[in-house]
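Scope of the values below: all heavy atoms of this structure, side chains included, with no hydrogens, waters or symmetry mates. When a residue number appears, it is its place in the shown sequence, counting from 1. Both ligands and their constituent atoms are indexed starting at 1 by order of listing.
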Amino acid sequence: MLIVYNPATGEEVGRVAQNTTHQVKAAVDRACAAFPAWSSRLAKERSDLLRHWHDAVKADKEAFAELLCRENGKCLSEARGEIDYGLGFIEWYAEEAKRVYGDTIPTHDRNANVLVTKEAIGPVAAITPWNFPFMMITRKVGTALAAGCTMVIKPAEDTPLTAFKLLEYARKAGIPEGVLEVVAGDPREIGLILTGDPRIRKISFTGSTGVGKLLAAQCAASIKKMTLELGGNAPFIVFQDADLDEAVKGLVGAKLRNSGQVCISPNRIFVQHSILEDFIQRVQHAVAGIEVDQGLREGFVVGPLVNQAGFDKVVRLVEAAKAAGASVLMGGRPHAKGGLFYEPTVLTGLRDDSPLATEEIFGPVFAIYSFKDEEEVIARANQTEFGLVAYAYTSALGRSLRLSRQLEAGMVILNSGSVGTASVPFGGIKQSGYGREGSYYGIEEYVQVKYVLMGGAHL
Ligand code: NAP
């Protein structure tokens, strides 16, 4: 039995059964058996079922928000925001299901027509992390089911309850057995079953780069298509010509979301040296006004880290920074509330090769670096194996254009701290992975192109 604890209180939130190897294989069998019927349904029929699922979950939004808050630790207002974000994917792909267009190509043979069709790739599987237990599921499932794929999904062991609740509502909405299956249990073993089964034609994975590489290697044997949404090391650059109020607002919102446990969280904050002191003071002032607390209350609060390993990592990174001579301007230690709470921390005076700069922090830590000019900061921002997102604040149009071209990231966000929504292509480059989720690009990941030559017309 998998016992799920509230990271804010240590209390048990619920339990799910650990599936045996046999049960996981049976779920894969059901997904494979369901594929022919599901993929040959009319797009409108799939769309209608996704829409029913969307409406059923939306009607119980508060129950989902509370569960999310209790199993993940994020506050209620964030949980509600995640549910709106996640429902947006079901709604978006319920519509996109009807728009998987092919092509006709001017023929090279006067007796033939040349068509290009797009077909569902097959039964697929997904493995998701704990930081967005709702949205990660709906983003993958909504897209796959819309395209005509069936999906087996393995949620993170820290947060499986939301996934099983979503499954329950999918069934109530009429999404049949096999079309969506959720499994829980030993991650390595489930990963081996899903990647090792040649009938599963694609794996969509969101999580750490290390596990992503392992799964990619496992998928090589059956040449499975993959979408990999992996780790990040986002630069957040503030130029002296930026609107500083907006930059602070964007930074604090992006950094403290989910207590910093977000792949697109600003990891290295580069501030132009002429405004460094002013900017740091503004950040400290903004952060000082935010409470740290368990999330089952109104208003935004910084919650706990999700588990002991996450907490220990933040402690290790900050202690290493201190030992290397960083100046801690705020926080820098576990919070007095105890447990998995860590103080929102602001520090500066770090080298670019410190672990805080090279590793994903995944905690409420603002690591601030100064820079002199544009050329220098672009080079430093790109000095990472990751390439998920890069943020910059500047009022200069020419510079915005240069940044958009030169920053090595799948997503470049200028003068905003807000990235995701259903209508945009979310994803990274370099070791942050490949493939996109969201927008019309997202559904391309679940279809395969078929060229059809219809000859024999004897014109
Ligand atoms: P993780 O350890 O890689 O876990 C992610 C998922 O993989 C979990 O379901 C986990 O299962 C499973 N898993 C672990 N080992 C496995 C194995 N050997 N075979 C198959 N599955 C395995 O990552 P995490 O710590 O949960 O999540 C944080 C990471 O996700 C960060 O690096 C973050 O940047 C990344 N992330 C990326 C994005 C993006 O879109 N690029 C979004 C969010 C998070 P268990 O939970 O059961 O161990």
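- Residues of the protein with a heavy atom under 4.0 Å from ligand 1 are Ile127, Thr128, Pro129, Trp130, Asn131, Met136, Arg139, Lys154, Pro155, Ala156, Glu157, Pro187, Arg188, Gly191, Phe205, Thr206, Gly207, Ser208, Val211, Leu214, Leu215, Glu229, Leu230, Gly231, Gly232, Cys263, Glu360, Phe362, Leu388, Phe426, listed by chain and number.
- At least one test fails for Lys61 against the ring of Phe64: distance under 6.0 Å to the centre or angle within 45° of the axis.
- Comment: Arg80 engages Glu298 in a salt bridge, judged by a side-chain N to carboxylate O separation of less than 4.0 angstrom.
- Remark: Glu291 engages Arg297 in a salt bridge, criterion side-chain N to carboxylate O under 4.0 Å.
- Contact check on Glu437 versus Lys140 returns a salt bridge, with a Lys/Arg side-chain nitrogen under 4.0 Å from an Asp/Glu carboxylate oxygen.
- Here Arg171 does not pair with Glu168 in a salt bridge; the nearest charged N to carboxylate O distance is not below 4.0 Å.
- Scored by the side-chain contact (heavy atoms from CB on, under 4.5 Å) test, Leu192 finds Arg188, Gln218 as partners (sequence neighbours excluded).
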